[in-house]
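Taking it in order: structure first as structure tokens, then the write-up.
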Amino acid sequence: MFLFEGSDRKKEEERIRSEGRLPPGQALTVKFPVLHYGAVPAFNPATWDLRISGEVEQEQRWTWDEFNQLPRTNLVMDIHCVTHWSKFDTRWEGVSVQTLVAQGFIKLKPTAAYVMQHAEYGFTANLPLNVVLQENFLLATHFDGQPLTPDHGYPLRGMVGALSASPELETPYFWKGAKWLRGLEFMTADRRGFWEQAGYHNRADVWKEERFG
Ligand SMILES: Nc1nc2c(c(=O)[nH]1)N[C@H]1C(S)=C(S)[C@@H](COP(=O)(O)O)O[C@H]1N2
Ligand SMILES: [Mo]
């Protein structure tokens with residue numbers, strides 16, 4: 001893959017920087033590195049479910065078939081990893097929590113203020129509810145028109161990035177999206193997820209370079 005190596009990569013990075021889309025301390029990559037703790041879990045569509053729990057009027061459990069009948073959203077986002085790489089104009093498809101709430105698939109209690117993503121093997125990632133309800137947070141099933149690959153979170157991952165059309169939206173680093181997602185827990189008070197307990201920043205705003213807490 002030589003297309004964006006060397007001076008071409010640098011040129012593309014300068015274009016993105018001139019558009020104000022390159023956060024401090026980040027470098028453009030066209031690769032898609034894989035980063036996670038532990039093993040890649042197997043997916044069994046017969047037993048997989050997504051649980052919606054905590055501060056909701058009614059807890060939900062969606063099977064894989066049921067999840068695939070929910071309204072779908074397509075987004076183009078810039079993703080910013082805490083390990084200093086950024087990837088621009090990436091295409092994602094999935095289900096928007098904002099849409100699920102707006103259309104009554106999830107009925108939040110007024111006490112809901114934070115969200116924990118629960119993934120396979122007990123991995124967790126926390127975000128404020130207002131960020132999860134933004135347009136730039138997605139429960140993603142597809143990347144670049146294809147189902148996620150196993151190492152990028154198949155069949156479902158939380159996904160957060162920057163929408164260049166809406167630069168005012170708070171944008172956390174990419175680790176705030178849990179691969180192999182199995183549940184959303186709505187909470188009254190904040191709790192730290194896996195990397196947040198390991199010393200990563202709790203809020204993780206890419207423009208403020210909130211890398212470590
Ligand atoms: N389940 C799970 N999700 C995870 C992680 C993990 O360890 N387990 N790591 C996070 C981190 S630190 C990063 S940088 C991104 C990397 O996503 P990618 O492998 O698709 O690039 O996934 C995030 N989601
Ligand atoms: Mo990471």
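As the structure lists them, so they are numbered: ligands from 1, and atoms in each ligand from 1. Throughout, residue positions are numbered sequentially from 1 according to the sequence presented.
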Q: Looking only at protein heavy atoms, identify the closest one to atom 16 (C) of ligand 1 and say how far it is in Å.
A: Leu35 O, 3.3 Å
Q: Just let me know how Phe123 lines up against ligand 1, side chain, backbone, both or neither, with a heavy-atom cut-off below 4.0 Å.
A: side chain
**Q.** Contact check, Tyr121 vs ligand 1, heavy-atom distance below 4.0 Å
**A.** no
Q: Say whether Phe32, considering both its backbone and side-chain N or O atoms, lies within less than 3.5 Å of an N or O atom on ligand 1.
A: no
Q) With only distance considered, is Cys81 within less than 3.5 Å of ligand 1 through an N or O on each side? A) no
Q) If you measure every N/O of Trp180 against every N/O of ligand 1, is any gap under 3.5 Å? A) no
Q | For atom 11 (C) of ligand 1, closest protein heavy-atom neighbour | A | Trp175 CB, 3.5 Å
Q) Within the side chain of Thr73, is there an N or O that forms a donor-acceptor pair under 3.5 Å with the backbone of Pro71? A) no
Q: Report the nearest protein non-hydrogen atom to atom 19 (O) of ligand 1: residue, atom name, distance rounded to 0.1 Å.
A: Lys179 NZ, 2.5 Å
Q.
Tell me whether Arg157 reaches ligand 1 (any heavy atom closer than 4.0 angstrom to a ligand atom).
A. yes
Q) How close does the nearest protein non-hydrogen atom get to atom 23 (C) of ligand 1, and which residue and atom is it? A) Gly177 O, 3.3 Å
(Q) On a heavy-atom basis, I'd like to know which of Tyr37, Trp195, Tyr200 is closest to atom 10 (C) of ligand 1. (A) Trp195
Q) Do any nitrogen or oxygen atoms of His36 come within less than 3.5 Å of a nitrogen or oxygen of ligand 1? A) no
Q: Give the residue, atom name and distance (to 0.1 Å) of the protein heavy atom nearest atom 21 (O) of ligand 1.
A: Pro33 O, 2.7 Å
Q) Quick one: are Gln98 and Glu135 in side-chain contact, heavy atoms under 4.5 Å? A) yes
